[in-house]
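Chain letters run A, B, ... following the sequence lines, proteins first and then strands; every chain starts at 1. Predicted, not measured: the structure shown is a model, and the values here were computed from it.
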Amino acid sequence: MQIFNTLSRKKEELRPIKEGEYRIYVCGPTVYNYIHIGNARPVIVFDTLRRYLEYKGNKVLYVSNITDIDDKLIKRAAEENTDMQSLARKYEAEYFKDTEGLGVKKATVHPRATEHIDEILSIVKDIIDKGYGYVARNGDVYFRAKKFKEYGKLSHLVLEDLVSGNRSLRSEMDADLKEDSADFAVWKSAKAGEPYWESPYGNGRPGWHIECSAMARKHLGKTIDIHAGGEDLIFPHHENEIAQSECANGCTFANYWMHNAFLNVDNQKMSKSKNNFFTVRELAEHYGYEPIRYFMLSGHYRSPINYTAELIESCKSALERLYTCRDNLDFAIENASGADTSLLDDAKKAKEKFCAAMDDDLNTVEALAAIFDYVREINTKAQSSSKETLVAAAKMFDELTGVLNIVSSRKKDEIPAEVTDLVAQRAEAKKAKNWALADEIRNKITELGYTVEDTTQGAKVSKNK
RNA sequence: GGUGAUGUAGCCAAGUGGUAAGGCAAGGGUCUGCAAAACCCUCAUGCACCAGUUCAAAUCUGGUCAUCACCUCCA
């Protein structure tokens with residue numbers, strides 16, 4: 001499998017440290033609010049990567065952190081008149097509600113920053129011991145960015161350019177605490193009224209970047225296979241993680257870095273001030289979760305995608321085609337009488353095309369095309385195939401759609417006896433060519449919330465769409 | 001100023017040298033008592049624009065235009 005590695009800016013053959021096993025760390029949410037649709041993109045994209053690796057028979061250790069200590073949390077807790085921990089737990093629960101709806105598998109571990117203060121302090125100590133960190137007079141601990149010669153290797157930015165950049169006001173503010181304006185905080189001294197933990201440097205709390213370095217080391221080891229997140233995290237977050245981890249551990253932090261492009265709204269970055277901000281929750285209430293997942297996979301993860309309501313609607317229609325195909329398959333299996341086995345070849349071809357696409361840097365768009373090609377074959381041959389063939393074809397359909405996890409919300413409808421009776425009555429009426437009565441019964445069935453469709457294999461009943 | 005991305009049909013979107021996948025929408029047809037679903041056909045002599053390289057370019061090179069992002073706590 002080829003993966004685009006941000007480090008080399010090239011597609012590379014993905015080779016894990018240990019054959020058949022992948023250690024993946026994906027930067028998780030800061031739980032201070034409901035997640036927005038932009039947050040959902042990396043969650044869905046890398047969940048799909050994980051599912052594909054597992055589908056290919058690999059073991060995946062997947063870690064995604066919960067940031068539950070942060071400036072935004074402190075601020076928001078004050079606004080909501082609550083404490084930081086209750087706020088964090090509340091939105092963490094909402095986060096899991098949304099991700100579950102989006103068909104995202106739970107990570108092997110979802111570590112919380114506040115439960116890893118010991119590990120964080122331990123890596124801070126390593127950094128200081130090795131000469132890469134220093135304690136400022138107020139108790140802040142900073143990382144000497146320039147001392148790490150490879151600083152900038154991920155973002156391909158040069159420190160001098162950064163320093164001369166046009167947003168240096170903030171670093172100038174701390175200029176009297178830092179040795180150099182490029183240095184960044186790994187530990188922050190406590191401010192009045194804010195949560196803090198005791199440390200050798202005085203009371204304080206972890207900086208943003210250090211938690212990921214610490215939790216990755218604890219749960220996945222010093223060198224991991226893949227580290228992933230949104231492209232905005234490349235700098236400074238991931239750059240700083242590399243500096244911290246590689247200096248503290250003395251070895252490569254992550255072999256592959258994967259970053260998804262942004263999701264825009266009206267071709268602009270989503271932001272509250274532009275009033276183009278959508279949470280996953282509000283969209284899910286409108287359209288359901290599954291179209292959102294499909295939408296995220298309908299474009300390549302490294303290309304920006306633009307959200308509009310019309311697109312979600314068209315994703316919903318595309319999903320309908322998949323649901324209908326799967327329903328037809330079940331119906332055909334129950335009523336199978338044909339002998340054609342050529343669908344088995346189509347299933348094999350579909351899998352080959354699907355895997356070739358996924359192997360090429362997670363090309364979910366081509367993978368979807370493979371599924372839709374297969375759907376056409378199924379629809380064409382469903383009524384002429386043998387039962388065994390249809391069962392195998394359905395299994396392949398479930399396999400491929402299962403990797404993308406896009407047909408999970410389809411349920412087999414329970415048909416009440418009342419409706420079944422009406423269907424039987426309608427069949428009688430049809431037999432007698434009493435079309436008026438047949439249509440009247442069909443209307444009744446519709447009113448009860450069900451749809452009846454006539455096929456060459458008899459009447460097919462489902463819930464109204 | 002530095003770095004990077006993008007521009008393909010009405011909409012979305014794959015395709016990195018061999019003559020434009022797939023989905024949505026639209027139109028026509030087949031099937032059906034009528035429907036629904038499904039299937040078939042139609043829908044870019046052309047891939048922002050201009051040059052160039054090549055037997056061959058959406059794809060490579062140079063330039064132009066447009067849009068977007070990152071450059072110290074935004075996925």
Provide the distance between the two [atom1] atoms, one in [N] and one in [M], to the nearest whole Å.
N     : M     : atom1 : result
B/G2  : B/C11 : C1'   : 36 Å
B/A57 : B/A13 : P     : 27 Å
B/C12 : B/U32 : C1'   : 33 Å
B/C24 : B/U16 : C1'   : 27 Å

Report the residues that fulfil ring-ring contact (aromatic ring centres under 6.0 Å, His included) with [X], sequence neighbours left out, ordered by chain and then residue number.
X      : answer
A/Y256 : none
A/H209 : A/F184, A/H237
A/Y62  : none

Using a heavy-atom cut-off of under 4.0 Å over every strand shown, decide if [X] touches base, sugar-phosphate, or nothing.
X      : value
A/F262 : base
A/K460 : nothing
A/L263 : base
A/D327 : nothing

Which residue lies more 5' along RNA chain B, comparing A/T324 with A/T308 via nearest heavy atoms =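 The residue closer to the strand's 5' end, by nearest nucleotide, is A/T308.
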inquiry  = Run the salt bridge (Lys or Arg N to Asp or Glu O under 4.0 Å) test against A/R326 and tell me which residues pass, sequence neighbours left out.
reply    =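 Counting only residues at least two positions away or on another chain, A/R326 forms a salt bridge (Lys or Arg N to Asp or Glu O under 4.0 Å) with A/D330, A/D398.
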key: Those residues that, when tested against A/R442, pass salt bridge (Lys or Arg N to Asp or Glu O under 4.0 Å) (two or more places apart)   =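 Residues passing salt bridge (Lys or Arg N to Asp or Glu O under 4.0 Å) with A/R442: A/D439.
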remark   = Protein-proximity profile, nucleotides 29-36 of chain B, B/S/- by nucleotide at the 4.0 Å heavy-atom cutoff, equals ----BBBB
Per-nucleotide protein contact string for nucleotides 13-20 of chain B, where B marks a base within reach and S marks sugar-phosphate only (heavy atoms under 4.0 Å, - for neither) = SSS-----
task = Sort and list the pairs that fulfil ring-ring contact (aromatic ring centres under 6.0 Å, His included) and have at least one residue in residues 349-383 of chain A, not counting sequence neighbours.
result =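 Pairs touching residues 349-383 of chain A that pass the test: none.
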Could you go over nucleotides 39-44 of chain B and give all protein N or O partners under 3.5 Å, atom names and distances?
residue : atom : partner : partner atom : Å
B/C39   : OP1  : A/R321  : NH2          : 3.3
B/C39   : OP1  : A/N379  : ND2          : 3.3
B/C39   : OP2  : A/R321  : NH1          : 3.3
B/C40   : OP2  : A/R376  : NE           : 3.2

query = Near RNA chain B, which residues from residues 94-107 of chain A have a heavy atom under 4.0 Å away?
reply =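 Correct list: empty, so none.
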inquiry  = In whole Å, I'd like the distance from the CZ atom of A/F235 to the C1' atom of B/A69.
reply    =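 The distance from CZ of A/F235 to C1' of B/A69 comes to 15 Å, rounded to the nearest Å.
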request  = Please check if the distance between the ring centroids of A/Y91 and A/Y32 is under 6.0 Å.
outcome  =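 So the answer is no for these two rings.
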remark   = With both pairing distances under 3.5 angstrom for Watson-Crick or G-U wobble, and | for a partner in another strand, the correct string for RNA chain B is (((((((..(((.....[...))).(((((.......))))).....(((((..]....))))))))))))....
Any side-chain heavy-atom pair of A/L87 and A/M84 under 4.5 Å =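 A side-chain contact under 4.5 Å is absent here.
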ask   = Can a salt bridge be assigned to the pair A/K381 and A/D346 using a cut-off of 4.0 Å between side-chain N and carboxylate O?
value =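 Answer for the salt bridge query: yes.
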request  = For B/A21, take OP1 and OP2 only and decide whether either is under 4.0 Å from a side-chain N or O of A/K353.
outcome  =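 Result: no.
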inquiry  = For A/T30, give me all partners under side-chain hydrogen bond (donor to acceptor under 3.5 Å, both in side chains), at least two apart in sequence or on another chain.
reply    =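 A/T30 satisfies side-chain hydrogen bond (donor to acceptor under 3.5 Å, both in side chains) with no residue once adjacent residues are dropped.
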